[in-house]
Amino acid sequence: MKPLPEPESLRRSGSFGLPDLAVILGVLALLGVVAHVGAGAMVSFRPPDVSPTVSLDPRNLPDYAARSTLRMFIALAASLLFTLIYGWLAAHNRRAERVLVPLLDILQSVPVLGFLSITVTGFIALFPGSLLGLEAASIFAIFTSQVWNMTFSFYQSLRTVPKELGEATTLYRLSRWQRFTRLELPSAAIPLLWNAMMSFGGGWFFVAASEAISVLNRDYTLPGIGSYVAAAIAAQDLRALGWAMATMAVVILLVDQLFWRPLVAWSDRFRLELSASGDAPESWLYDLLTTAHIPRLVAEASTPVLEGVDRLMSALLGPVQDREEEPASPGQERLFNLALLVLIGALLAALLHFVLTRVGLAEVATVFRLGLFTLARVLLLLVLASLIWTPIGVAIGFNPRLARLLQPLVQFLASFPANFIFPFATLFFVRFQIPIGWGSILLMALGAQWYILFNAIAGAQTIPSDLREMADDVGLKGLQRWRKLIIPGIFSAWVTGGVTASGGAWNASIVSEVVSWGSTTLAASGLGAYIAEATGRGDWPRIALGIGMMSLFVVGFNRLFWRRLYDLAESKYHL
């Protein structure tokens with residue numbers, strides 16, 4: 001008897017139809033928008049004579065929003081490429097790990113304003129007379145706000161891949177490239193996707209700072225929704241601010257429906273479990289793409305090219321070699337350690353010389369005291385955010401139906417730039433006489449708490465349904481269920497969320513400890529306010545001191561606390 005055709009083949013059979021027409025029109029519309037928006041980056045730029053300006057006319061908001069969104073996606077693509085390369089090197093090379101992971105701690109601790117202070121002049125000089133230089137500086141600033149969270153997530157996912165699956169890649173003689181594409185990337189797909197969503201949302205927080213740049217006593221403005229909000233705040237125009245918030249809400253909903261939700265539905269295939277998930281995430285656009293013929297034809301046409309790339313990369317990278325089997329002679333290890341000690345000693349000597357000659361020990365003591373104030377705010381934020389959002393994230397991750405209902409809301413709240421609300425918060429603090437020292441904790445939480453929520457969701461979703469069903473069968477409930485199943489299952493993801501939330505909170509302190517509305521400015525005692533004020537004045541020694549002290553706090557806390565939790569996640573609390 002002839003077997004019946006599969007449902008998937010039945011759905012894909014037939015001629016071209018409305019889904020294919022919709023795909024064609026959608027791609028053409030997207031290319032047209034990108035071409036129109038990209039043309040705005042090619043105009044002349046010769047400050048202060050020829051420089052772009054921002055109009056508060058609401059009719060300009062669609063164009064401004066499109067330009068900001070394009071910058072966000074370019075930065076996201078660069079962040080993904082950096083994440084895959086950097087995370088893989090750190091996870092598979094012991095020597096590289098000893099350098100790259102501490103360096104990642106340092107880079108995460110450097111505030112976005114610090115990167116802008118250092119790079120904006122260089123990017124402008126790289127493209128003389130063109131706005132492309134300022135566009136590159138803005139995209140790089142957004143990149144620095146997105147990439148560290150994604151890299152930490154990917155690195156931790158690679159370190160916690162089930163050992164039996166790693167041993168299988170060695171047994172079947174897979175190449176490093178095949179292990180990466182067949183095992184490691186699929187295993188990390190769900191956590192990486194949720195952290196990319198969080199990073200993208202967090203990037204909106206710094207759009208205003210990257211488009212309305214005020215560094216080294218120079219002001220640069222790029223047309224975009226962030227600079228529009230900065231202009232509305234300076235003009236105390238509540239009407240314009242309201243239009244910007246409405247436009248931002250529309251952009252977030254469109255990005256969620258047209259980009260993130262289809263990716264979430266697609267990533268459900270990468271769950272590491274024996275039984276299928278009970279209620280898979282859905283997306284109307286994903287259904288449209290899987291129904292249309294054009295994506296399948298494009299995939300079939302590109303298959304020979306992809307297979308050729310696969311063979312080439314497999315030959316270049318060679319066979320799998322376990323971390324434990326990396327050859328390292330004692331002499332090489334001693335030479336490597338000596339080189340690290342010399343480098344660290346040189347950096348410490350340069351730091352000591354800078355402190356003694358440019359700022360003085362009294363200024364260092366003052367900045368250290370300000371750092372303690374900001375550290376206390378960060379710690380309080382982490383404790384409260386963990387207690388509130390971890391149970392909520394687990395509930396969403398365990399229940400696909402709940403996730404389908406709440407994901408748009410969660411994505412909206414996490415993506416909406418918290419600093420758009422800061423002017424209203426400033427008025428609220430002034431009206432009710434709330435000290436900005438306490439109010440800044442709320443403002444920092446608006447931007448940093450979502451890292452914990454998104455990682456809790458991702459961690460819960462990676463717990464196999466088999467284990468959850470077994471826990472139900474043996475009667476695990478309440479605290480016992482958390483101790484035996486949930487905490488081990490989400491611990492690695494929670495640590496990643498805590499690290500990135502901590503770094504995000506330190507970064508957000510720069511815009512949270514100093515808030516303004518028109519001529520009214522509130523400043524808290526803290527390291528973030530110190531860096532913001534030094535950056536506005538163009539005081540290079542104090543900018544460097546503030547950034548260096550913030551890096552010291554972040555790296556020290558990561559080494560003393562988060563690194564031990566990472567080791568615990570690798571040795572005990574993982575599936």
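This is a predicted model, so every value here is computed, not measured.
Side-chain atoms of T374 do not come within 3.5 Å of backbone N or O of G371 as any donor-acceptor pair. In this structure a side-chain-to-backbone donor-acceptor pair under 3.5 Å is present from S210 to V207. Listed for the Q156 side chain is no donor-acceptor partner under 3.5 Å among the backbone atoms of T496. Remark: the backbone N or O of G498 is not paired with any side-chain donor or acceptor of S502 at under 3.5 angstrom. Checking side-chain atoms of S386 against main-chain N and O of V383 turns up no donor-acceptor pair under 3.5 Å. Under a 3.5 Å cut-off, the side chain of R468 and the backbone N or O of F398 do form a donor-acceptor pair. In this structure, Y530 contributes its side chain and G546 its backbone to no donor-acceptor pair below 3.5 Å. A donor-acceptor contact shorter than 3.5 Å is absent between the side chain of R358 and the backbone of P541. No donor-acceptor pair under 3.5 Å is formed between the side chain of E184 and the backbone N or O of L158. Within the 3.5 Å criterion, the main-chain N or O of Y451 finds a donor-acceptor partner in the side chain of N455.
Between the CD1 atom in I510 and the CE atom in M444 there is a gap of 10.5 Å [rounded to 0.5 Å]. Going from atom CD1 of I396 over to atom CG of L453 covers 5.5 Å, rounded to the nearest 0.5 Å. Note that OG1 of T151 and CZ of F82 are 5.0 Å apart. Values are rounded to the nearest 0.5 Å. With rounding to the nearest 0.5 Å, the separation of CD1 in I452 from CH2 in W494 is 7.0 Å. Separation of atoms CD1 (I441) and CG (L380) is listed at 5.0 Å; rounding is to 0.5 Å. Atom CG of L263 and atom OH of Y286 lie 10.0 Å apart (nearest 0.5 Å).
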Exercise. Test M549 against V364 for side-chain contact (heavy atoms from CB on, under 4.5 Å), laying out the working first.
Key: CA-CA 8 Å; M549 187 63 69; V364 174; 4.0 Å; yes

Practice problem: Check step by step if side-chain contact (heavy atoms from CB on, under 4.5 Å) holds for R71 and L222. | Solution: CA-CA 11 Å; R71 294 180 192 119; L222 270 176; 4.0 Å; yes

Exercise. For Q461 and W194, run side-chain contact (heavy atoms from CB on, under 4.5 Å): C-alpha distance rounded to whole Å, both residues' side-chain angles, the deciding distance at 0.1 Å, then the answer.
Key: CA-CA 10 Å; Q461 287 189 337; W194 280 91; 2.9 Å; yes

Practice problem: Take R176 and L316 through the test side-chain contact (heavy atoms from CB on, under 4.5 Å) and record every step on the way to the result. | Solution: CA-CA 9 Å; R176 287 190 177 97; L316 290 176; over 6 Å; no

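Here the closest non-hydrogen pair linking S79 and F143 is OG-CD1, 3.3 Å. When all heavy atoms of V378 and A505 are compared, the pair lying nearest together is CG2-CB, 4.0 Å. Here the shortest heavy-atom pairing between F557 and L379 reads CZ-CD2, 3.3 Å. Of all the heavy atoms in E513 and G528, the pair that sits closest is OE1-N, 2.9 Å. Residues S145 and G203 come closest through the heavy atom pair OG-CA, 3.5 Å. W506 and M550 get closest at one heavy-atom pair: O-CE, 3.5 Å.
Note: F259 and F73 have perpendicular aromatic rings, judged against thresholds of 30 and 60 degrees for the angle between ring planes. Using bins of under 30°, 30° to 60° and over 60° for the plane-to-plane angle, the ring pair F270/W266 lands in the perpendicular bin. Classification of the F140-F123 ring pair by plane angle, with boundaries at 30° and 60°, yields tilted. By the 30° and 60° cut-offs, the orientation of the rings of F200 relative to W204 is perpendicular.
R563 has its side chain out of reach of N558: every pair of non-hydrogen atoms, C-beta onward, lies at least 4.5 Å apart. The closest side-chain heavy-atom distance from V394 to W482 is below 4.5 Å.
Counting heavy atoms of neighbouring residues, nucleotides and ligands inside a 6.0 Å radius, atom CG of L479 does not exceed 12 of them.
Under 3.5 Å, the side chains of N149 and S199 contain a donor-acceptor pair of N or O atoms.
With respect to the salt-bridge test (charged N to carboxylate O, under 4.0 angstrom), the residues E533 and R542 do not qualify.
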